[in-house]
Amino acid sequence: MLDPHTLRSELDDIAVALNKRNMTLDTSSIQELEDKRKIIQTKTEELQSLRNSKSKEIGQLKSKGEDAQGVMNEVATIKAQLDESESELNEIQLSLNDILIGIPNIPHVSVPEGSTEDDNEEVRKWGEPKDFDFEPKDHVDLGEALGLIDFETATKITSSRFVVMHGGIAKLHRALIQFMLDTHSEEHGYSEINVPYLVNADSCMGTGQLPKFEEDLFHIKEHGLYLIPTAEIPVTNTVRGEILSDAELPKKYICHTPCFRSEAGSYGKDTRGMIRQHQFEKVEMVQMVKPDTSYDVLEELLGHAEAILQKLELPYRVVNLCGGDLGFSSAKTYDIEVWLPGQNTYREISSCSNFEAFQARRMKARWRNPETNKPELLHTLNGSGLAVGRTLIAVMENYQNEDGNITIPEVLRQYMNNQTVIS
RNA sequence: GGAGAGGUGGCAGAGUGGUCGAAUGCACUGGUCUUGAAAACCAGCGAUCCUUUAUCGGUUCCGUGGGUUCGAAUCCCACCCUCUCCGCCA
């Protein structure tokens, strides 16, 4: 959510800033509502004030045993006006709030112009895609040949876009999770946190998945809960409604969860293999920080995600998302794309974002600034560190051998009984 | 799932229709005192929104949402949550 004050006072500037996302803000209807709001709110509060003072007067008269009927009649007329004024105000505020809650975050100045992913800006490349002296297979062929990845059974027990993994692949998957958690908690200073996988609507509102993107979520209607599409929701919402002290910041959490996405609207996209599943696992970094540090922290967070790929020796590139490709709540996002020999291309494996105060405002997540001694909004950030399913694919495809076996990356062997190869 | 109790400021806890945003204690902040600290004493100490350059002023908030009333922390209704006991259960 944007700051209502700023929206009011700098409406046109904000509309221009949002053009970067290829969106046009209906400034005239906002202005109109806002003008009405100002008048009605002032009027309502004046009437409330009058009612309060008159009611007190009644109390005083009665306690002295005097007649209060005259004042009571007076208040009755005030009350009729007040009821009308209050409901009008309520309506205006609901409309304004509906608009406000649906406006995306303002892109940071360093976000490139553009409308599609083709306009994203490559920041850097790391590592060289390996030259295979045979035709590299993709993870589906590799996994099925090994008999360790089974889509058919998953479809039988659930539906499409699910997978069953066996033996060495299942173990490799688990090793990746542990490796990531250990690296972030031991080397990057994150505290490990374990959270619920079902969240309520308030939490989804807080981080921005609701109300606009309900169709992307799995909804357990009879309980009013949602399956998390990312650990961002439960972890970030731990500070919802809180006022943190200076000493508690920054908060750095590392969290492993499964993620559930309905993938509505992506029919026919990435239907082969494990790239796009309804259920996948992710290790997520989440930070709550003081506002003046958040852009430094974003670079740091990005580095933490890159460190995982570097340790796994997987080639990747970093892109700075253009305005049109930016997520709803984000002010700036870097994607990391890993090299997949089976697809002969780079594919997204991590997304690191600074939300500035956008989520914090929705969540009322604040800290007490010792300089002002007043509560101020936090900045929130998160990044995948990394998407485990896609990392598994990247390891399989980049570490494949001509015989179809997969060499286990050095750093993962300690998690796999020092095994060196999956066959 | 059944029975009972309860949700008030950072914490503890009073308040059952009127001057209550809310006693008191603790914690915290500032001051006096002290070589320094502690103790003692004095003072301060929630958030929200509107108006305003700012001050001043006003609004709203006692789990949440409705209702009754001139007036609600207090009465009524619904919901949520917590605790205790019983049942079930990884």
Side-chain angles (χ1 to χ4, degrees), chain A residues 1-11 30-31 33-101 194-206 210-211 220-226 234 237-249 251 258 357 360-378:
Chain A
M1 198 165 97
L2 301 181
D3 178 19
H5 297 105
T6 320
L7 187 72
R8 246 173 254 160
S9 56
E10 294 161 34
L11 186 55
I30 294 175
Q31 190 61 58
L33 271 169
E34 177 48 32
D35 291 343
K36 266 200 245 171
R37 190 228 95 227
K38 194 166 179 169
I39 295 164
I40 302 293
Q41 182 162 358
T42 311
K43 180 180 161 197
T44 305
E45 291 185 359
E46 275 170 10
L47 285 167
Q48 283 172 329
S49 174
L50 194 60
R51 177 205 58 194
N52 291 346
S53 60
K54 291 284 178 191
S55 291
K56 264 181 194 172
E57 213 177 292
I58 293 169
Q60 282 163 350
L61 288 172
K62 286 201 165 179
S63 69
K64 282 187 247 163
E66 290 171 27
D67 177 45
Q69 196 53 48
V71 193
M72 283 172 75
N73 293 342
E74 223 176 304
V75 182
T77 25
I78 294 168
K79 209 202 163 192
Q81 292 175 49
L82 182 58
D83 281 349
E84 196 188 328
S85 186
E86 266 177 346
S87 69
E88 201 178 342
L89 177 64
N90 210 321
E91 217 169 282
I92 293 169
Q93 275 175 333
L94 284 176
S95 314
L96 271 172
N97 198 48
D98 276 356
I99 294 172
L100 202 60
I101 211 93
N194 189 291
V195 294
Y197 305 153
L198 286 166
V199 290
N200 58 34
D202 286 344
S203 294
C204 298
M205 280 285 189
L210 286 181
I220 317 285
K221 291 196 180 67
E222 50 276 72
H223 293 98
L225 298 173
Y226 298 83
N237 274 282
T238 55
V239 297
R240 170 153 53 88
E242 303 287 326
I243 301 174
L244 304 180
S245 71
D246 181 55
E248 289 174 274
L249 297 175
K251 272 199 184 291
R361 189 171 292 109
R362 288 175 161 241
M363 292 192 300
K364 296 182 174 62
R366 293 167 294 174
W367 67 298
R368 195 172 294 279
N369 184 343
E371 284 172 29
T372 58
N373 207 32
K374 290 280 170 216
E376 294 174 16
L377 292 167
L378 292 165

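Naming: A, B, ... by sequence-line order, numbering from 1 per chain. From a predicted model like this one, the values you see are computed outputs, not experimental measurements.
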Exercise for review: Report the residues that fulfil side-chain contact (heavy atoms from CB on, under 4.5 Å) with A:Q31, sequence neighbours left out, ordered by chain and then residue number.
Suggested key: A:L11, A:D35

Point to revise | Residue matched to B:rA5 through Watson-Crick or wobble contacts both under 3.5 angstrom | key: B:rU82

Review point. Can you check the A:E376 CD to B:rU48 P distance for me, whole Å?
Key: 11 Å

Point to revise | Rounded interatomic separation in angstrom, taking CG from A:L96 and P from B:rC50 | key: 11 Å

Review point. When rounded to the nearest Å, what value does the distance between P atoms of B:rC80 and B:rG65 take?
Key: 15 Å

Review point. Using atom P of each nucleotide, how far apart are B:rG44 and B:rC26 to the nearest Å?
Key: 16 Å

**Study point:** Phosphate contact (B:rC45 OP1 or OP2) by A:R368 side-chain N/O below 4.0 Å
**Key:** no

Review point. What is the distance from NZ of A:K374 to C1' of B:rG46, rounded to the nearest Å?
Key: 10 Å

**Study point:** Partner nucleotide, any strand, of B:rU24 [Watson-Crick/G-U, under 3.5 Å]
**Key:** B:rA12

Check your understanding: What pairs with A:T238 under side-chain contact (heavy atoms from CB on, under 4.5 Å), at least two apart in sequence or on another chain?
Key -> A:I193, A:Y253, A:M288

Review point. So which nucleotide does B:rC61 pair with, by the Watson-Crick or G-U wobble rule with both distances under 3.5 Å?
Key: B:rG46

Check your understanding: Say you pick atom P in B:rA73 and the same atom in B:rU82; how far apart are they, in whole Å?
Key -> 26 Å

Point to revise | Protein-nucleotide distance (A:I58, atom CD1; B:rG18, atom C1'), rounded to Å | key: 10 Å

**Study point:** Spacing of A:L82 atom CG relative to B:rU69 atom P, expressed in whole Å
**Key:** 15 Å

Exercise for review: Considering only atom C1', compute the distance from B:rC28 to B:rU84 and round it to an integer number of Å.
Suggested key: 34 Å

Review point. Counting only non-hydrogen atoms, which of residues 69-78 of chain A are less than 4.0 Å from RNA chain B?
Key: A:M72, A:V75

Check your understanding: What integer distance in Å separates A:E86:CD from B:rU59:P?
Key -> 12 Å

Review point. A:N373 CG to B:rG44 P: how many Å, rounded?
Key: 17 Å

Review point. What integer distance in Å separates A:K43:NZ from B:rU59:C1'?
Key: 16 Å

Exercise for review: Quote, to the nearest angstrom, the P distance that separates B:rC50 from B:rA54.
Suggested key: 12 Å

Point to revise | Residue matched to B:rU68 through Watson-Crick or wobble contacts both under 3.5 angstrom | key: none

**Study point:** For A:T44, side chain to side chain donor-acceptor pair (under 3.5 Å) partners two or more places apart
**Key:** A:S85

Point to revise | A:K38 backbone acceptor or donor facing A:T42 side chain under 3.5 Å | key: yes

Exercise for review: Please state the C1' separation for the pair B:rU48 and B:rU32 - nearest whole angstrom.
Suggested key: 36 Å

**Study point:** Whole-Å P distance, B:rG9 and B:rC61
**Key:** 15 Å

Exercise for review: May I have all residue pairs that pass salt bridge (charged side-chain N to carboxylate O under 4.0 Å, His left out) and include part of residues 48-59 of chain A, sequence neighbours excluded?
Suggested key: A:K54-A:E74

Practice item. Between B:rU19, B:rC70, B:rU48, spot the one nearest the side chain of A:K56, thanks. Key: B:rU19

Point to revise | With sequence neighbours excluded, residues passing salt bridge (Lys or Arg N to Asp or Glu O under 4.0 Å) with A:R368 | key: none

Check your understanding: For A:A360, which residues count as a side-chain contact (heavy atoms from CB on, under 4.5 Å) partner, sequence neighbours excluded?
Key -> A:A365, A:L377, A:L378

Revision key, fill the gap. If pairing means Watson-Crick or G-U wobble with both distances under 3.5 Å, then the partner of B:rA38 is none

Check your understanding: Do A:S55 and A:N52 have side-chain N/O donor and acceptor atoms under 3.5 Å apart?
Key -> no

Identify each atom pair where a protein N or O and an N or O of nucleotides 51-53 of chain B are less than 3.5 Å apart, giving names and distance.
{"unit_1": "B:rU51", "atom_1": "OP1", "unit_2": "A:R37", "atom_2": "NH2", "d": "3.4"}

Below 3.5 Å between N/O atoms, which protein atoms pair up with nucleotides 60-63 of chain B? Just atom names and distances, please.
{"unit_1": "B:rU60", "atom_1": "OP1", "unit_2": "A:R51", "atom_2": "NH2", "d": "2.9"}
{"unit_1": "B:rU60", "atom_1": "OP2", "unit_2": "A:N52", "atom_2": "ND2", "d": "3.3"}

**Study point:** A:Q69 side chain to A:N73 side chain, donor-acceptor N/O pair below 3.5 angstrom
**Key:** yes

Point to revise | Gap in Å between the two C1' atoms, one belonging to B:rG17 and one to B:rA72, rounded | key: 7 Å

Exercise for review: Apply side chain to side chain donor-acceptor pair (under 3.5 Å) to A:N369 and list each qualifying residue two or more places apart in sequence or on a separate chain.
Suggested key: A:E376

Practice item. Could I get the full list of side-chain contact (heavy atoms from CB on, under 4.5 Å) partners for A:I99, not counting sequence neighbours? Key: A:I30, A:L33, A:I103

Review point. For A:R37, what residues pass the salt bridge (Lys or Arg N to Asp or Glu O under 4.0 Å) criterion, not counting sequence neighbours?
Key: A:E34

**Study point:** Expected output: side-chain A:R362 to main-chain A:I101 donor-acceptor under 3.5 Å
**Key:** yes

